[in-house]
Structure formats: structure tokens, C-alpha cells
Amino acid sequence: MPRVLPDELPPGPLVRGFSSEGAFVVEGQTYAALLLTPERAAHWVPPALAALTLEDVESALAITPPPEFLLLGTGPGLAFPPRAFIRALEARGIGVEVMDSRAAARTWGLLRAEERWIAAALMPLG
């Protein structure tokens, strides 16, 4: 069954595409990596995935109310973050969905169209 999107998208940043350099395009700006909330997009300099901690994504989680979950884009391919990172999110009542960054960017748009209150951390595509 085809997905029906609302006539008006919810307010906030949406990934509109990818630049020729492999950056995310959000509201006319490009980001090599970014943090997203329903309210804003921000440049992000992520650590290596194996070193990812809660502090690295804290600014995306600091929204009210807290996000349902963090959508984590792990770069050009699917990889899993440290178990300690997942446990730290779960301890705060925040789930985590992990996928490659292109899939995470597309999923962000679909979930925001459903007005889901989420956050995202998208690592570089290349």
C-alpha cells in the first residue's frame, strides 16, 4: 500500500538530498555530519563509531520532551555503536535505531512526516 503523506510537512529541518561531495543537504545548507532535532539541524564532528559516547550526541537529546529515540546513521554502511552507548541511552528512556546514514536521512523524513518526536545523529557518508 502506498504511503500517504500529510499535505503539510511538520516544521523543522528535513534532509532534502545529498550533495555531489556526499554531504547532507538540509534547508539549502550542506553538512558532512549532523545532529537533527525537530527544531534544528547542527553541524557535528563525530568521533569514530567505536568511541561514540552519550556526550557526543547530548545536544540532540536536550529537547523537551526528550526524544522517543535516537536515529543513528553510522556512515556509508551499517555498523553498531558501543554497547555502553546503547545502554546509556536506554538508561535515560531513549531508544536507538541504527542504520547507514543515507537510510537514516530518508527515515528521518518519513518519521517527521508522522510528527514523531525523535533526534538523529548522522555520521559522514564517505
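Basis for what follows: all heavy atoms, side chains included, without hydrogens, waters or symmetry-related copies. We're numbering straight along the sequence, starting at 1.
Val15 and Met99 fall within the same hydrophobic cluster, defined by Ile, Leu, Val, Met, Phe, Trp and Tyr side-chain heavy atoms under 4.5 Å apart, directly or through other members. Residues Leu78 and Ile86 fall within the same hydrophobic cluster, defined by Ile, Leu, Val, Met, Phe, Trp and Tyr side chains chained together at heavy-atom separations under 4.5 Å. Residue Leu122 is not grouped with residue Val98 when hydrophobic side chains (ILVMFWY) are merged at heavy-atom distances under 4.5 angstrom, including chains of intermediate members.
Taking the side-chain hydrogen bond (donor to acceptor under 3.5 Å, both in side chains) definition, one finds that Gln29 meets it with Tyr31, sequence neighbours left out. Under the rule for a salt bridge (Lys or Arg N to Asp or Glu O under 4.0 Å), the partners of Glu68 that lie at least two apart in sequence or sit in another chain are Arg116. Applying the side-chain contact (heavy atoms from CB on, under 4.5 Å) rule to Ala79 yields the partners Leu49, Thr74; only residues at least two apart in sequence or on another chain are considered. In this structure Pro67 satisfies the side-chain contact (heavy atoms from CB on, under 4.5 Å) test together with Leu61, Ile63, Ile94, Ala119, sequence neighbours excluded.
Rounded to the nearest 0.5 angstrom, Leu125 CG and Phe18 CZ are separated by 6.0 Å.
Within the structure, salt bridge (Lys or Arg N to Asp or Glu O under 4.0 Å) pairs that include any residue of residues 32-58 comprise Glu58-Arg92 (at least two apart or interchain). Residues in residues 45-95 take part in no ring pair (Phe, Tyr, Trp, His ring centres under 6.0 Å) pair, two or more places apart or across chains. Note on residues 102-111: no pairs pass side chain to side chain donor-acceptor pair (under 3.5 Å), not counting sequence neighbours.
Hydrophobic cluster of Val45: no remaining members, since no ILVMFWY side chain lies below 4.5 Å from it.
Annotation for Ala32 and Phe24: closest pair O-CE1, 3.5 Å, computed over non-hydrogen atoms. The shortest heavy-atom contact between Pro13 and Ala41 is CG-N, 3.8 Å. The two residues Pro124 and Pro76 make their nearest non-hydrogen contact at O-CD, 3.6 Å.
Without hydrogens or angle criteria, Ser101 side chain to Met123 main chain gives a donor-acceptor distance under 3.5 Å.
Of the options Leu71, Ile118, Leu72, Leu111, a side-chain contact (heavy atoms from CB on, under 4.5 Å) to Glu97 is made by Leu71 and by none of the others.
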message: Apply side chain to side chain contact (heavy atoms under 4.5 Å, CB included) to residues Trp117 and Thr37 and explain how you reach the verdict.
response: CA-CA 8 Å; Trp117 192 255; Thr37 72; over 6 Å; no

message: What verdict does the side chain to side chain contact (heavy atoms under 4.5 Å, CB included) test give for Leu14 and Arg112, after you've listed the backbone C-alpha separation in whole Å, the side-chain angles of each residue and the deciding distance to 0.1 Å?
response: CA-CA 8 Å; Leu14 294 174; Arg112 285 300 299 139; 4.1 Å; yes

message: Please evaluate residues Val26 and Leu34 with respect to the criterion side chain to side chain contact (heavy atoms under 4.5 Å, CB included), reporting the C-alpha separation (whole Å), side-chain torsions for both, the decisive distance (0.1 Å), and the verdict.
response: CA-CA 10 Å; Val26 179; Leu34 76 150; 3.9 Å; yes

